[in-house]
Amino acid sequence: MQYRKYAGTDIKLSALGFGAMRLPDDDDFAVECMQHALDGGLNFIDSAPGYRGGSEREPGSSEKLVGRAIKAVPRDQVYVSTKNATGCPSASEWREGLENSLRNLDTDYIDFYQLVHGMRWESYTEAFRPNAWEEALKARDEGLIRHFSFSSHDSPENIIKLLEEGIFESCIIQYNLLDRANEPVIDYARENGISILVMGPVGGGRLGMRSEQLESIVSGVRSTPELALRFVLNNPGVTTALSGMNTIEMIDENIATASLDSALSDDEMAAIEETLKKNEALAELYCTGCDYCMPCPQNVGISRIFAAMNMHRVWGMTEAAKQRYARLGPESRSGLLQADACVECGSCETLCPQNIPIIEQLKESHEALKG
Ligand SMILES: NC(=O)c1ccc[n+]([C@@H]2O[C@H](COP(=O)([O-])OP(=O)(O)OC[C@H]3O[C@@H](n4cnc5c(N)ncnc54)[C@H](OP(=O)(O)O)[C@@H]3O)[C@@H](O)[C@H]2O)c1
Ligand code: SF4
Ligand code: SF4
């Protein structure tokens, strides 16, 4: 495993972190997966109070499972990140959010606290700074939080503005082969000694499936997720790539990739960029599968539909995409429905951090993938 220094500290974070947003359905196996990763040298796990770790669980379940997993190692040998999702209406409610996470995680302190889950410039200036900043300082003085950070889906310009405030040691932002918009943020952070923790390095699963086209660009690459992780870790401004992994095989593969010290060459990077440009026009859907848009009142399987649509549109895997789409319906285990169940209420669109025109894209997806 490669280890990289965290901000201005002596902390060495594993280049691969465990993102506990999606976890296997079985609780014991979810814990086993995280502990397997810790055995393999990973030392960083990210969670959030809103993460269920699977649609069948209650919010907070991910933190509780992380709390169970980290019992396997001495507390000072694992770094835990979680987030404050209260929206900072008041100091006391922000504090309540923190205490709730500490309880869920069953720990005395949080190493990297995302002071606001999904911070935006407006939420920073209008809510966090006036209502919760003093409370955050107090919590750090009390030893409940070790390092100030935030996660964000705001524009790169606004994320840089947040970093310019000079109070954060790191931030969690999205970055992958399919979404490079945050490269200026990564450059700014690198120049200013701030750590970048990447969410969605495997494109939220879009780069988990085989793309012979991408794999053929770099000789010796064994799989598309390997190329995806190598691409992210090749950026010298990235400290850790937080990947969601729900099988032992994925964990082993990603640990092996994060242990490679071979950087991509300039020629390989240029070839990747050329291919991506060609695909860009096709890839209008940038759904990360975060499920912030759920639950849909009509039970439309939004992220699953978009995952299938990307398989078809971007990577030309149409048969596999249609098979995936056909699995949705009232008889399916999840009960999630195909796109034609949408009644265009619009509630999902206001929640999507990627600003995807969901209603329109659902219609296109149904036309392309229906039987
Ligand atoms: N993405 C977001 O919007 C977001 C927001 C806030 C925070 N975060 C944080 O960032 C973490 C990571 O985000 P993410 O879960 O979107 O990360 P990701 O690593 O980009 O996506 C995870 C998915 O990629 C696929 N995958 C990963 N490694 C693979 C491998 N070796 N082989 C095949 N498939 C592989 C799996 O897809 P399948 O399950 O489909 O097989 C897996 O569920 C989250 O857990 C969370 O802690 C993310
Ligand atoms: S617009 Fe359609 S997909 Fe979105 S929440 Fe409403 S019914 Fe569900
Ligand atoms: S449509 Fe938007 S909110 Fe819904 S899963 Fe995709 S990226 Fe997330």
Side-chain angles (χ1 to χ4, degrees), residues 16-24 44-48 50-51 53-54 62-63 66 81-83 85 114 117-118 150-153 171-179 197-210 222-229 232 240-258 285-311 324 336-363 365:
L16 179 71
F18 205 116
M21 185 169 77
R22 333 159 202 255
L23 291 167
F44 180 23
I45 306 183
D46 174 65
S47 186
Y51 293 172
S62 164
E63 286 186 331
V66 171
S81 155
T82 193
K83 314 183 176 80
Q114 316 308 318
H117 186 165
F150 64 93
S151 67
S152 186
H153 287 282
C171 63
I172 302 184
I173 53 166
Q174 183 164 287
Y175 178 51
N176 58 56
L177 264 172
L178 303 175
D179 183 357
L197 316 169
V198 166
M199 63 170 118
V202 187
R206 288 164 298 158
L207 294 162
M209 60 205 153
R210 275 211 84 157
R222 289 156 302 180
S223 73
T224 307
E226 178 191 317
L227 182 68
L229 273 179
V232 168
T240 291
L242 286 164
S243 183
M245 299 170 282
N246 43 47
T247 66
I248 296 292
E249 292 72 29
M250 278 185 202
I251 296 165
D252 287 343
E253 179 178 2
N254 292 355
I255 287 177
T257 304
L285 281 174
Y286 280 124
C287 172
T288 63
C290 65
D291 277 343
Y292 288 178
C293 54
M294 296 298 276
C296 154
Q298 301 301 315
N299 227 14
V300 176
I302 302 172
S303 60
R304 295 200 193 186
I305 294 167
F306 288 168
M309 186 60 174
N310 269 333
M311 285 173 83
R324 252 181 139 171
L336 292 170
L337 303 179
Q338 294 189 348
D340 57 345
C342 169
V343 296
E344 305 187 20
C345 69
S347 74
C348 54
E349 292 196 348
T350 56
L351 297 170
C352 175
Q354 312 292 324
N355 298 319
I356 292 172
I358 295 176
I359 297 172
E360 187 192 313
Q361 301 275 18
L362 283 175
K363 284 184 192 159
S365 302

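Side chains are part of it too, since the values below use all heavy atoms of this structure and drop only hydrogens, waters and symmetry mates. Start at 1 and go down the list; that is how both ligands and their atoms are numbered.
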(request) Please confirm if an N, O or S atom belonging to Cys290, backbone or side chain, lies less than 2.8 Å from atom 2 (Fe) of ligand 3. (result) no
(message) Counting non-hydrogen protein atoms only, what is the nearest one to atom 27 (C) of ligand 1? Give residue, atom name and distance.
(response)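 Residue, atom and distance for the closest contact: Gly244 O, 3.5 Å.
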(message) For Glu226, state whether at least one heavy atom is located under 4.0 Å from any atom of ligand 1.
(response)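 No.
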(request) Examine ligand 1 and decide if any of its atoms is less than 4.0 Å from a heavy atom belonging to Ser151. (result)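 The answer is no: ligand 1 sits nowhere under 4.0 Å from a heavy atom of Ser151.
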Check whether any side-chain N or O of [X] sits under 3.5 Å from a backbone N or O of [Y] as a donor-acceptor pair, and report yes or no.
X	Y	answer
Asp46	Gly19	no
Asp291	Met294	no
Ser151	Gly118	yes

For ligand 1, which atoms, with element, lie under 4.0 Å from some heavy atom of [X]?
X	answer
Tyr292	5 (C), 6 (C)
Asn254	27 (C), 28 (N), 29 (C), 30 (C), 31 (N)
Gly205	21 (O), 23 (C), 24 (O), 25 (C), 37 (O)
Gly19	11 (C), 44 (C), 45 (O), 47 (O)
Ser243	19 (O), 27 (C), 28 (N)

(request) Would you check if there is a donor-acceptor pair between the side chains of Gln114 and Ser81 at a distance under 3.5 Å? (result)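 Yes.
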(message) Quiz question: by atom type and distance under 3.5 Å, do the side chains of Ser62 and Ser47 form a donor-acceptor pair?
(response)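 Looking only at side-chain atoms, Ser47 and Ser62 do form a donor-acceptor pair, the distance falling under 3.5 Å.
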Side chain or backbone of [X] under 4.0 Å from ligand 1, or both, or neither, by non-hydrogen atoms?
X	value
Leu207	neither
Met21	both
Pro225	side chain
Ala307	neither

(message) I need the protein N, O or S atoms closer than 2.8 Å to atom 2 (Fe) of ligand 2, given as residue plus atom name.
(response)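 Result, waters dropped: Cys342 SG.
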(message) Quick check for you: to the nearest 0.5 Å, what is the distance between Ser243 atom OG and Met199 atom CE?
(response)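 CE of Met199 is found 13.5 Å from OG of Ser243.
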(request) Using a strict cut-off of less than 4.0 Å between a Lys/Arg side-chain nitrogen and an Asp/Glu carboxylate oxygen, indicate whether Lys363 and Asp340 qualify as a salt bridge. (result) no
Which option wins on minimum heavy-atom distance to [atom]: [options]?
atom	options	answer
atom 18 (P) of ligand 1	Val202, Leu23, Val198	Val202
atom 9 (C) of ligand 1	Leu242, Ile172, Thr257, Asp46	Asp46
atom 5 (S) of ligand 3	Asp291, Ile305, Ile356	Asp291

(message) Apply side chain to side chain contact (heavy atoms under 4.5 Å, CB included) to residues Phe18 and Val66 and explain how you reach the verdict.
(response) CA-CA 10 Å; Phe18 205 116; Val66 171; over 6 Å; no
(message) Taking 4.0 angstrom as the limit and counting only heavy atoms of Pro353, give me the atoms of ligand 3 inside it, by number and element.
(response) 3 (S)
(message) Considering both backbone and side-chain atoms of Met199, is one of its nitrogen or oxygen atoms within less than 3.5 Å of a nitrogen or oxygen in ligand 1?
(response) no
